[in-house]
There are 2 protein chains.
Amino acid sequence: MPRRVDHAERRTEIAEALVRAAGRLGLHAVGMRDVAAEAGVSLRLVQYYFESKEKLLLFGLRHLTERFAQRVAARVAAAGADPGARAVIEALLAAALPVDAESRTFHHLYTSYAVLAVTDEALAAQPFIKDPDSAEDTVAGLLRQAAEQGELRPGVDPRAAAAGLLSLSAGLGTSVLVGQRSAESATGVLAHQLDLIFQPAK
Amino acid sequence: MPRRVDHAERRTEIAEALVRAAGRLGLHAVGMRDVAAEAGVSLRLVQYYFESKEKLLLFGLRHLTERFAQRVAARVAAAGADPGARAVIEALLAAALPVDAESRTFHHLYTSYAVLAVTDEALAAQPFIKDPDSAEDTVAGLLRQAAEQGELRPGVDPRAAAAGLLSLSAGLGTSVLVGQRSAESATGVLAHQLDLIFQPAK
DNA sequence: ATCTTCGTGATACGACCGTACCATGATGGT
DNA sequence: ACCATCATGGTACGGTCGTATCACGAAGAT
């Protein structure tokens with residue numbers, strides 16, 4: 001049956017199996033055999049499409065971040081045409097909160113990768129650390145724009161406020177993930193933070 | 001030379017070896033043999049004082065959080081007698097930022113444990129999740145007190161602001177840990193956040 | 001029609017890990 | 001003075017993990 005096969009597609013399927021398995025077992029505990037079983041292929045095939053576990057992990061990380069970026073973009077787009085800056089930011093940050101299974105898995109695995117990156121230089125060199133930076137640029141741009149229209153409270157620095165919002169969202173995500181805080185509570189805290197930044201609606 | 005030995009002390013020594021080794025290799029990569037070598041004892045002894053790796057890990061977590069709580073308390077105390085609420089909060093949160101080796105290790109390992117807790121129910125049941133809650137209570141109390149003295153900006157909810165500060169601090173810590181943000185930048189963001197909450201100094 | 005290359009399977013190998021087992025001085029109680 | 005117990009060392013065992021090896025059928029190229 002060995003027809004010619006689309007490697008890129010196959011690699012994507014396996015990467016998604018990795019994400020599913022790692023979401024269930026934890027990234028630290030997932031092995032090549034688990035990924036193979038999850039993808040419904042033999043161990044050999046996982047080796048064939050990714051030469052080593054390290055390559056698989058790296059590809060899985062890229063896949064994970066790309067999927068998530070698409071999700072966030074879709075949520076922002078769903079917020080409607082030209083909503084206010086606050087609405088866009090709220091949609092963006094709310095999409096990142098681990099309130100459903102997909103987002104939970106993302107948070108779980110992204111944090112796992114971040115921890116690994118502390119001691120693994122190959123991961124540390126990976127550009128996945130830059131994704132938050134670009135998100136921060138986006139939010140800072142929105143805030144600057146809002147500031148020009150007088151929508152922000154006095155004394156708010158767009159750059160610092162953007163950094164604060166992103167870090168706040170990340171921290172909230174972790175606390176929701178480990179069950180310390182409920183999703184509703186987290187969105188409430190987020191809204192309160194936006195209240196501190198934006199002028200009250202007139 | 002087997003004199004009678006203080007078990008509690010020995011266990012603490014080994015737990016500290018665990019923390020050092022895990023800080024260097026990553027919690028996922030540290031084994032009993034690594035801990036033994038780091039502590040300068042034989043593998044057998046680690047087994048002797050902790051019957052299993054799980055017990056060792058659990059004890060290590062407790063030790064880690066206790067040490068860190070002491071550190072934070074010391075920093076707060078060093079802030080001087082009866083400083084303002086803002087100064088206390090700033091000292092508390094700044095002490096938690098991973099700016100030196102000890103705090104970096106704490107953040108690294110605490111996050112590692114948190115990730116493990118997502119898939120390990122023994123860890124999830126551990127009360128280490130409650131530590132942030134008590135910190136939040138402390139900060140909320142300080143904010144409430146400040147609110148009564150009119151030191152907060154109007155519309156600030158002490159509870160939500162406290163939760164926001166803690167989450168912000170945690171998120172900042174992670175970004176500093178992975179090298180996305182500098183320590184100075186993080187303290188700046190933290191200060192800006194406090195500016196959003198507290199009235200400007202008169 | 002043959003041959004090379006591709007996709008796939010099964011399985012083996014070496015390393016490491018947590019744990020268990022056996023041995024043995026030293027010590028303190030009586 | 002003896003003996004049970006404590007602290008410690010050495011080492012072996014079973015399992016798993018990532019990787020490498022061997023094998024083979026099917027398809028496209030020539």
Side-chain angles (χ1 to χ4, degrees), chain A residues 1-61 109 112-113 116 119-123, chain B residues 1-61 109 112-113 116 119-123:
Chain A
M1 318 105 180
R3 268 245 169 79
R4 227 30 161 275
V5 136
D6 184 346
H7 272 225
E9 192 178 336
R10 207 72 120 133
R11 284 165 61 92
T12 300
E13 281 170 18
I14 295 178
E16 278 176 0
L18 162 67
V19 168
R20 283 194 304 275
R24 188 159 17 89
L25 308 171
L27 190 61
H28 66 285
V30 73
M32 308 252 110
R33 288 165 176 84
D34 301 303
V35 175
E38 178 73 34
V41 302
S42 72
L43 168 62
R44 179 67 180 86
L45 274 242
V46 180
Q47 284 189 262
Y48 182 68
Y49 289 102
F50 301 91
E51 292 133 52
S52 70
K53 185 183 186 184
E54 186 183 13
K55 300 241 179 81
L56 169 61
L57 253 31
L58 253 28
F59 187 86
L61 173 58
L109 297 188
S112 300
Y113 275 113
L116 290 189
T119 47
D120 182 325
E121 61 181 51
L123 271 174
Chain B
M1 317 105 175
R3 270 246 170 76
R4 222 37 156 274
V5 135
D6 184 345
H7 273 225
E9 192 178 336
R10 205 70 120 138
R11 285 165 61 92
T12 299
E13 282 170 17
I14 294 178
E16 278 176 0
L18 162 66
V19 168
R20 283 195 304 275
R24 188 160 16 91
L25 308 171
L27 190 61
H28 65 286
V30 74
M32 307 252 112
R33 289 167 177 83
D34 301 303
V35 175
E38 177 73 34
V41 301
S42 73
L43 169 61
R44 180 66 180 87
L45 273 237
V46 181
Q47 285 189 260
Y48 183 68
Y49 289 101
F50 302 90
E51 291 134 51
S52 70
K53 185 182 186 183
E54 187 183 12
K55 300 243 179 78
L56 170 59
L57 254 30
L58 253 26
F59 187 87
L61 173 58
L109 297 187
S112 300
Y113 275 113
L116 290 188
T119 48
D120 181 325
E121 62 181 50
L123 271 175

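Each chain gets a letter, A, B and so on, in the order its sequence line appears, and its residues count up from 1. Here the structure is a predicted model, which means the values were calculated and not measured.
Rounded to a whole Å, the CD atom of Glu51(A) is 10 Å from the P atom of dA20(D). For Glu13(A) and dT8(C), the CD to P distance is 10 Å, given to the nearest whole Å. The CG-C1' distance, from Leu57(B) to dG18(C), rounds to 12 Å in whole Å. Summarising the geometry, the separation between NE2 on His28(B) and P on dC17(D) is reported as 15 Å, rounded to the nearest angstrom. Atom P of nucleotide dT19(D) and atom CD of Glu54(A) are separated by 9 Å, given to the nearest angstrom. The nearest whole Å value for the distance from the CG atom in Leu45(B) to the P atom in dT11(D) is 15 Å. Rounded to an integer number of Å, the gap from CE of Met32(A) to C1' of dC17(D) is 10 Å. In this structure, Leu43(B) atom CG and dC17(C) atom P are separated by 10 Å, rounded to whole Å.
Counting only heavy atoms from C-beta on, Ser42(A) has its side chain closest to dG9(C) among dG9(C), dG18(D), dT19(C). Taking the side chain of Arg33(B) as heavy atoms from C-beta on, and the options dT8(D), dC17(C), dT8(C), the nearest nucleotide is dC17(C). Checked against dG9(C), dG18(D), dA20(D), the side chain of Gln47(A) finds its nearest nucleotide in dA20(D).
OP1 or OP2 of dT8(D) has at least one side-chain nitrogen or oxygen of Arg10(B) nearer than 4.0 Å. When the side-chain nitrogen and oxygen atoms of Tyr49(B) are compared with OP1 and OP2 of dA7(D), none of them lie within a distance under 4.0 Å. For dC6(C), neither phosphate oxygen OP1 nor OP2 lies less than 4.0 angstrom from any side-chain nitrogen or oxygen of His7(A). For dA7(D), the OP1/OP2 oxygens have a side-chain nitrogen or oxygen of Tyr48(B) closer than 4.0 Å.
The base of dG7(C) is not paired with the side chain of Arg44(A) by any donor and acceptor separated by under 3.5 Å.
Looking only at side-chain heavy atoms (C-beta outward), Thr119(B) and His28(A) come within less than 4.5 Å of each other.
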Inset, instruction - Dump the intermediate steps for side-chain contact (heavy atoms from CB on, under 4.5 Å) on Glu16(A) and Thr12(A), then the final yes or no. - result: CA-CA 6 Å; Glu16(A) 278 176 0; Thr12(A) 300; 4.2 Å; yes

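Using modelled atom types, one side-chain atom of Tyr113(A) and one backbone atom of Leu57(A) make a donor-acceptor pair closer than 3.5 Å. Side-chain N or O atoms of Arg11(B) include none that pairs as donor or acceptor with a backbone N or O of Phe50(B) at under 3.5 Å.
When heavy atoms are screened at a 4.0 angstrom cut-off, Phe50(B) is found touching no nucleic acid atom at all.
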